[in-house]
Amino acid sequence: MTVRVRFAPSPTGYLHIGGARTALYNYLYAKAVGGTFVLRIEDTDMERSKSEYETLQIEDLKWLGIFHDEGPDKPNAKYAPYRQSERQEIYTKYAHQLIEQGKAYYDFCTEIELEAMKEKAEREGRDPHYEGKWKDPAHHAEAMTRIAGGEKAAIRFKAPKKSYTLHDKVKGDVVYPEGMVGDFVIVRSNGLPVYNYCCVVDDMLMDITHVIRGEDHLNNTVRQLMIYEALGARLPEFAHVSLLIGHDRQKLSKRHGATSVNLYRQENYLPEALCNYLTLLGWSHPDEKDIFDKPELFGIFTLERFSAHSAMYDLEKLKWVNSQHIKKTPNPDLIKMVDELPGNEFFKKQTPEWKNSAVEVIKQYADFINDFPVMVEKKILLDHLEMTDGLKEIISWESTPKIIDYLQGELSKVTSEFVTAVELGAWTDAVKKDLAIKGKFLFQGIRAALTGQDHGPELKLLIPLTPVNVIKKRLAQLKG
RNA sequence: GCUCCCAUCGUCUAGCCCGGUCUAGGACAUCGCCUUUUCACGGCGGUAACAGGGGUUCGAAUCCCCUUGGGAGUACCA
């Protein structure tokens with residue numbers, strides 16, 4: 001039997017980092033075993049669901065390189081539709097079937113009555129389970145006539161009095177004791193079905209074989225187990241992955257800052273880096289590798305390597321992973337990305353050769369794509385020098401003014417826009433021989449003179465990228 | 001409250017299932033050093049963890065129990 005997995009987001013906001021991670025795990029697993037990855041939209045909460053969010057979330061998934069095989073935008077006749085809001089009749093049909101079988105019943109209780117029952121139960125030290133009159137099959141006939149008369153009622157599932165065991169791929173055997181949950185609503189009185197119910201109906205009908213989802217659903221699973229049983233459906237494999245938490249160890253949410261994928265996209269993080277990092281948060285590579293692309297995982301991703309405890313989301317490591325991916329990215333791709341950045345006019349009008357050299361240098365130091373224009377600005381175009389302590393010290397050496405004078409002389413003869421590494425080499429040699437300066441006085445002096453800074457990328461790479469008139473300005477400032 | 005889940009360096013983790021090879025390995029961060037082409041690159045090295053207590057065993061990070069701590073669920077949300 002072929003493996004079918006699904007990612008089932010609610011379109012109530014942007015794609016969340018945590019959601020992206022579970023989507024990724026599902027995707028990787030499908031790829032690893034040659035299965036099918038289904039995207040299902042759980043929009044039964046009409047008030048919070050918006051179709052724009054569905055579109056946005058799909059775009060974010062695409063940006064991350066997580067592609068689904070089936071979904072609302074890629075229907076398969078056998079399983080469509082993929083939006084729960086469009087599967088109304090299906091849920092209704094099975095709910096009626098459960099009522100006929102005596103596994104569910106209509107409940108006419110009002111919110112107030114329910115609330116009162118709950119309070120009473122709590123006062124008496126009982127579990128706040130539903131114990132209303134409609135639970136009693138004796139009222140079945142009355143319920144049916146009231147329904148026939150057009151009255152509205154919720155449909156409540158009769159929770160069997162027994163314990164359930166889930167064989168979870170991550171958590172191992174989880175035992176839900178008898179009486180853990182009471183009878184629960186599967187269809188609201190307004191006719192809309194509830195998550196725990198449609199989730200099962202859909203997974204059953206869509207032939208889902210593996211449910212990989214967040215641990216926040218672990219307790220819900222007992223309800224789902226009951227419904228699978230009532231429906232006589234085959235149980236899929238379950239893997240409840242641990243949750244992502246923030247620095248306060250609370251479940252990751254908006255208040256922890258940048259938690260929507262969209263933000264990372266806007267900040268030009270590399271999608272492959274984000275995926276890499278997210279994969280690491282709860283799954284480990286068998287060879288302990290920590291930098292990889294998705295395709296490398298297709299052959300080795302297994303459900304066995306999930307960790308059982310929650311993982312703290314940490315921007316520092318993501319930054320490092322991103323920098324590693326930048327180093328791996330071919331120059332033409334980097335050039336394209338940098339060219340598309342807003343502003344950055346100087347870079348954009350340079351020759352392909354210049355761009356290639358620039359990108360080659362900067363990629364060694366950049367953590368983010370957004371660092372590229374910053375580096376161009378601060379390392380290549382900088383002409384307003386800042387007198388740092390390091391710089392002051394180099395200038396105070398008696399050899400440095402001589403270097404500055406010499407270089408100013410040489411530069412005044414240059415007519416091209418840029419100097420070459422060869423010219424720079426010749427100057428360095430000349431300073432060394434003619435001025436008899438060597439060691440750090442030589443190299444740091446030249447660096448300070450030409451760049452106006454006491455540190456930075458390799459000079460022979462950096463200087464040929466810097467316009468001669470900019471270098472001249474720096475020298476003039478150093479003299480003055 | 002009740003139920004469920006979890007517990008290795010500050011962080012992500014390997015090891016745990018099938019006890020000895022673990023004076024616990026890697027990565028991020030941090031600290032130090034190295035490189036007469038400086039550096040935010042790189043290289044080398046340091047600091048840093050089996051939550052606590054009981055068992056079981058010749059032997060426990062690994063198995064069992066308790067405590068503590070953290071998390072989740074307890075909706076006509078998903």
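All values derive from a computational prediction rather than experimental measurement.
For A:Met375 and B:A40, the CE to P distance is 12 Å, given to the nearest whole Å. Separating the CD1 atom of A:Ile186 from the P atom of B:A78 is a distance of 13 Å, rounded to the nearest angstrom. What separates NZ of A:Lys363 from C1' of B:C39 is a distance of 18 Å, to the nearest Å. Summarising the geometry, the separation between CE on A:Met117 and P on B:C76 is reported as 11 Å, rounded to the nearest angstrom. At whole-Å resolution of the value, CG in A:Leu252 and P in B:A72 are 11 Å apart. Straight-line distance from the CZ atom of A:Arg156 to the C1' atom of B:C76: 8 Å, rounded to whole Å. Between the CG atom of A:Asn220 and the C1' atom of B:U74 there is a distance of 10 Å, given to the nearest Å. Rounded to a whole Å, the CZ atom of A:Phe184 is 14 Å from the C1' atom of B:G73.
With 3.5 Å as the limit, one finds a donor-acceptor pair spanning the side chains of A:Gln453 and A:Lys379. When only modelled atom types and interatomic distance are considered, A:Thr92 and A:Glu89 share no side-chain donor-acceptor pair under 3.5 Å. Checked by atom type, the side-chain pair A:Asn331/A:Lys363 shows a donor-acceptor distance below 3.5 Å. In this model, no donor atom of one side chain and acceptor atom of the other lie less than 3.5 Å apart for A:Asp173 and A:Thr165. With no hydrogens or angles considered, a side-chain donor-acceptor pair links A:Asp248 and A:His256 at under 3.5 Å. Using a 3.5 Å distance cut-off with no hydrogens or angles, the side chains of A:Tyr91 and A:Asp202 do pair a donor with an acceptor. Defined by atom type and a distance below 3.5 Å, a donor-acceptor pair is present between the side-chain atoms of A:Thr221 and A:Arg213.
On the P atoms, B:C41 is 25 Å away from B:G25, given to the nearest whole Å. Between the C1' atoms of B:C16 and B:A61, the separation comes to 7 Å (whole Å). Between the C1' atoms of B:A14 and B:C9, the separation comes to 13 Å (whole Å). Comparing B:A51 with B:U68, their C1' atoms are spaced 8 Å from each other, to the whole Å. B:G45 and B:G26 have their P atoms separated by 10 Å, with the value rounded to a whole Å. Taking atom C1' on both nucleotides, B:U74 is separated from B:A27 by 39 Å, rounded to a whole Å. Taking atom C1' in both B:G53 and B:G69, the straight-line distance is 14 Å, to the nearest Å. Comparing the P positions of B:A29 and B:U11 gives an interatomic distance of 16 Å, to the nearest angstrom.
The distance between the ring centers of A:Phe108 and A:Trp134 falls below 6.0 angstrom.
A:Cys109 comes within 4.0 angstrom of a nucleotide base, judged by non-hydrogen atoms across all strands. Nucleic acid contact for A:Leu442: none, since no nucleic acid atom lies under 4.0 Å from a heavy atom of the residue. In this structure, A:His217 reaches the bases: a heavy-atom distance under 4.0 Å links it to at least one base atom across the strands shown. Across all strands shown, A:Lys251 has heavy atoms under 4.0 Å from sugar-phosphate atoms exclusively, and none from any base. Counting any heavy atom pair closer than 4.0 Å across all strands shown, A:Thr44 reaches sugar-phosphate atoms only and no base atom.
Of the residues near RNA chain B, A:Lys460 and A:Gln84, the one whose nearest nucleotide (by heavy atom distance) lies more toward the 5' end is A:Lys460. Residue-to-nucleotide proximity on RNA chain B shows that, of A:Ala153 and A:His455, the 5′-proximal contact is made by A:His455.
Pairing for B:C17 is absent, with no Watson-Crick or G-U wobble pair whose two atom distances lie under 3.5 Å. Remark: B:U56 base-pairs with no nucleotide in the shown strands. Criterion, Watson-Crick or G-U wobble with two distances under 3.5 Å. Here B:A24 sits opposite no nucleotide as a Watson-Crick or G-U wobble pair (both hydrogen-bonding atom distances under 3.5 Å). Here B:U36 sits opposite no nucleotide as a Watson-Crick or G-U wobble pair (both hydrogen-bonding atom distances under 3.5 Å). In this structure, B:C2 and B:G73 make a Watson-Crick or G-U wobble pair, each of the two defining distances being under 3.5 angstrom. Under the Watson-Crick or G-U wobble criterion, with both distances below 3.5 Å, B:U30 is paired with B:G46. Summarising the base pairing, B:U68 is matched to B:A7 through a Watson-Crick or G-U wobble pair whose two defining distances lie under 3.5 Å.
Residue A:Glu316 has its side chain nearest to B:C28 when only B:G73, B:C28, B:C76 are considered. The side chain of A:Glu42 lies closest to B:A78, out of B:A78, B:G42, B:A72. If you check B:G73, B:A78, B:A75 against the side chain of A:Lys118, the one that comes closest is B:A75.
Not a single donor-acceptor contact under 3.5 angstrom links the side-chain atoms of A:Asp367 to the base of B:A40.
Aromatic ring pairs are classed by plane angle as parallel below 30°, tilted from 30° to 60° and perpendicular above 60°; the pair A:Phe184 and A:Phe157 is tilted.
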Margin query: Across nucleotides 2-15 of chain B, 5' to 3', mark each nucleotide with B, S or - according to how protein heavy atoms within less than 4.0 Å reach it.
Written below: -SBSSSS--SBSSS
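Taking only side-chain nitrogens and oxygens, A:Arg223 never comes nearer than 4.0 Å to OP1 or OP2 of B:G73.
Under the 6.0 Å distance and 45° angle rule, A:Lys162 counts as a cation-pi partner of A:Tyr164.
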